[in-house]
Amino acid sequence: MAYEQKDMTGSIFANQGKNKETQPDYTGTFKINNVEYSVAGWKKTANSGLEYVSYKIEEKEEKTPF
């Protein structure tokens, strides 16, 4: 049985395939109100020296089989 993400949950993992500085440090998926979202995160440092993660969230696109 394949893993099925429950509603209102998500997972973020370190991006093992990062080749460029512009690629996200973290990637993952969330399911909110039964809609799947892709999440990308970048480690950053504020002017005050505080480290944080900036996120971009997009509705996950359906992959069309060829």
Side-chain angles (χ1 to χ4, degrees):
M1 177 183 238
Y3 172 77
E4 185 174 329
Q5 197 163 33
K6 294 179 183 175
D7 197 31
M8 304 305 285
T9 65
S11 301
I12 298 173
F13 301 93
N15 185 359
Q16 301 294 324
K18 182 174 177 170
N19 297 318
K20 299 180 204 171
E21 190 62 32
T22 56
Q23 291 176 313
D25 296 299
Y26 302 98
T27 59
T29 59
F30 280 78
K31 191 173 195 179
I32 302 169
N33 295 326
N34 287 314
V35 177
E36 290 190 25
Y37 294 89
S38 296
V39 179
W42 290 264
K43 292 188 275 186
K44 297 190 175 195
T45 304
N47 292 338
S48 64
L50 182 66
E51 294 181 354
Y52 67 99
V53 180
S54 173
Y55 289 102
K56 179 178 182 182
I57 302 168
E58 297 179 312
E59 195 168 328
K60 198 170 183 180
E61 295 181 12
E62 293 287 326
K63 293 184 179 179
T64 22
F66 292 98

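The structure places CD of Q5 at 5.5 Å from OG of S11, a figure rounded to the nearest 0.5 Å. Between atom CD of residue E59 and atom OG of residue S38 there is a gap of 9.5 Å, rounded to the nearest 0.5 Å.
Hydrophobic clustering (side-chain heavy atoms under 4.5 Å, transitive across Ile, Leu, Val, Met, Phe, Trp, Tyr) groups I57 together with M8.
Under the 4.5 Å side-chain criterion, counting only non-hydrogen atoms from C-beta, T9 is not in contact with F30.
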(request) Could you give me the CA-CA distance, side-chain angles and deciding distance for L50 and Y52, then say whether side-chain contact (heavy atoms from CB on, under 4.5 Å) is met? (result) CA-CA 7 Å; L50 182 66; Y52 67 99; 5.5 Å; no
(message) One pair to check against side-chain contact (heavy atoms from CB on, under 4.5 Å): I32 and Y37. What are the steps and the verdict?
(response) CA-CA 8 Å; I32 302 169; Y37 294 89; 3.9 Å; yes
(request) Determine, stepwise, if the pair V39 / Y55 fulfils side-chain contact (heavy atoms from CB on, under 4.5 Å). (result) CA-CA 7 Å; V39 179; Y55 289 102; 3.6 Å; yes
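Applying the side chain to side chain donor-acceptor pair (under 3.5 Å) rule to pairs touching residues 13-27 yields K18-D25, sequence neighbours excluded.
Between the side chain of E51 and the backbone N or O of K44, no donor-acceptor pair lies under 3.5 Å.
Ionic pairing of K60 and E58 is not present here: no N-O contact between side-chain nitrogen and carboxylate oxygen is shorter than 4.0 angstrom.
The two residues K31 and K6 make their nearest non-hydrogen contact at CB-O, 3.8 Å.
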